[in-house]
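Take a look at the structure below.
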Amino acid sequence: IPESGHKYYLQFSTEDYRTGEDAGNCLATVLYPKKKSPPVVSITCSHTKDQKEIQEEDNRLYQQIRHQSKPITANNIPDSYGNIEPALEPVWALAVAGSSSIMWQRSTESLGYNLAQVKSVRQWIRKDDFVEFDYTVLLHELPSQEIIPCELRLTWLPGRPLKVKHSCAARSHGGDDGSGAESGSAAGPAGEKGAFF
């Protein structure tokens, strides 16, 4: 589009992050503006799961996190062999959802990202019903192969958007530190454990 940028029309299928089951089909338009800013995305999806089923899954994930006997702290998820302890699956799932907003903001037509690893995570105890975590995540940048460390604060309550604040190390080839507050969905589908955005 002259003076605006490149616009793409996409049709794709999604799968449930945790089970790998078909989660529906989507149609999207993505505009990469000529000026340096995040892509403009418009997306419509048909879901194979009904909203009640999604809410039940969110509640199960939330209850699993809330009923820990002490705040969750962990390092290196997945471990060096690619394994994730079952007790840390909810922490990883939230990291995937939260990191997707960073990947969206930093992606360009020629750069993509996936979540390589959660280096560390710490849960904060709150007096309200929200769950809150501080993460240090490593994003794998393609095609440069750089590993970009990002600090991520994630706050969530089922039925409300995921709140994400972040700060990332600047890319050595001129990228700026992207910080912001974005919303996402803990129930959002992702393609695989190294969720690509």
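As the structure is a prediction and not an experimental result, all values here were calculated from the model. The analysis underlying the following values was restricted to heavy atoms, covering all of them including side chains, and did not include hydrogens, waters or symmetry mates.
Taking the six-membered ring for Trp and thresholds of 30 and 60 degrees, Tyr135 and Phe133 have ring planes inclined between 30 and 60 degrees apart.
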Candidate pair Glu151 and Ser167, rule side-chain hydrogen bond (donor to acceptor under 3.5 Å, both in side chains), full reasoning
CA-CA 5 Å; Glu151 301 298 323; Ser167 176; over 6 Å; no
Using the rule given for side chain to side chain contact (heavy atoms under 4.5 Å, CB included), can you reason through Leu115 versus Val137, listing the C-alpha separation, both sets of side-chain angles and the distance that settles it, and then say yes or no?
CA-CA 7 Å; Leu115 175 58; Val137 297; 3.7 Å; yes
Could you give me the CA-CA distance, side-chain angles and deciding distance for Glu109 and Tyr8, then say whether side chain to side chain contact (heavy atoms under 4.5 Å, CB included) is met?
CA-CA 10 Å; Glu109 285 180 278; Tyr8 296 86; 2.5 Å; yes
Pair Ile102, Leu152 - check side chain to side chain contact (heavy atoms under 4.5 Å, CB included), show working.
CA-CA 9 Å; Ile102 303 172; Leu152 177 69; 3.8 Å; yes
What do the steps show when you test Tyr113 against Ile148 for side chain to side chain contact (heavy atoms under 4.5 Å, CB included), and what is the final call?
CA-CA 9 Å; Tyr113 297 88; Ile148 311 294; 4.3 Å; yes
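Residues Glu56 and Asp58 form no side-chain contact, since every pair of their non-hydrogen atoms from C-beta on lies 4.5 Å or further apart. With a 4.5 Å cut-off on side-chain heavy atoms, Arg106 and Cys168 count as touching. Within the 4.5 Å cutoff, the side chain of Ile54 has no heavy atoms near those of the Glu57 side chain. Counting heavy atoms from C-beta on, the side chains of Ile65 and Gln123 come closer than 4.5 Å. Counting heavy atoms from C-beta on, the side chains of Glu132 and Trp156 never come closer than 4.5 Å. Residues Leu139 and Cys150 have side chains in contact (heavy-atom distance under 4.5 Å, counting atoms from C-beta outward). Considering only heavy atoms from C-beta on, Lys7 stays 4.5 Å or farther from Val30 through its side chain. Proximity of Ile77 to Gln117: side-chain heavy atoms (C-beta onward) are nowhere separated by under 4.5 Å.
Closest non-hydrogen pair, Pro90 versus Ala87, comes out as CD-O, 3.6 Å. When all heavy atoms of Ala116 and Pro78 are compared, the closest pair comes out as O-CD, 3.9 Å. Nearest approach of Pro39 to Pro33, heavy atoms of both residues: CA-CD, 4.1 Å. The shortest heavy-atom contact between Thr155 and Arg126 is CG2-NH1, 3.7 Å. Considering all non-hydrogen atoms of both residues, Gly112 and Ser107 come closest at CA-OG, 4.5 Å.
A donor-acceptor contact under 3.5 angstrom links the side chains of Lys119 and Asn76, judged on distance only.
When hydrophobic residues (I, L, V, M, F, W, Y) are linked wherever their side-chain heavy atoms come within less than 4.5 Å, Leu27 remains an isolated member. Annotation for Val40: hydrophobic cluster partners, listed by chain and number, are Ile1, Leu31 (ILVMFWY side-chain heavy atoms under 4.5 Å, direct or chained).
A distance of 11.5 Å separates CD in Glu21 from OG1 in Thr14, rounded to the nearest 0.5 Å. Atom-to-atom distance recorded for Met103:CE and His166:NE2 is 11.0 Å, nearest 0.5 angstrom. Interatomic distance, OG1 of Thr44 versus CG of Asn25, reported as 12.5 Å (0.5 Å rounding). For the atom pair CG of Asn114 and OG of Ser100, the computed distance is 12.5 Å after rounding to the nearest 0.5 Å. Note: Leu157 CG to Lys163 NZ = 9.5 Å, rounded to the nearest 0.5 Å. Atom-to-atom distance recorded for Leu10:CG and Ile43:CD1 is 8.5 Å, nearest 0.5 angstrom.
For the pair Ser99 (side chain) and Val96 (backbone), a donor-acceptor distance under 3.5 Å is absent. Here the side chain of Asn59 pairs a donor or acceptor atom with the backbone of Gln55 at under 3.5 angstrom. No donor-acceptor pair under 3.5 Å is formed between the side chain of Gln145 and the backbone N or O of Glu141.
Ion pairing of Asp134 with Arg153 is present here, as a side-chain N (NZ or NE/NH1/NH2) and a carboxylate O approach within less than 4.0 Å.
Phe12 and Val41 fall within the same hydrophobic cluster, where Ile, Leu, Val, Met, Phe, Trp and Tyr residues are linked whenever their side-chain heavy atoms come under 4.5 Å apart, directly or through other members. Linking Ile, Leu, Val, Met, Phe, Trp and Tyr residues whenever their side-chain heavy atoms come within less than 4.5 Å leaves Val121 and Leu138 in two separate clusters. Linking ILVMFWY residues whenever their side-chain heavy atoms come closer than 4.5 Å, directly or via other members, leaves Ile147 and Trp92 in distinct clusters.
Leu94 pairs with exactly one of Val164, Val118, Leu154 by the side chain to side chain contact (heavy atoms under 4.5 Å, CB included) rule, that one being Leu154.
In this structure, Arg122 satisfies the cation-pi test against Trp124, with its NZ or CZ atom closer than 6.0 Å to the six-membered ring centre and inside 45 degrees of the ring normal.
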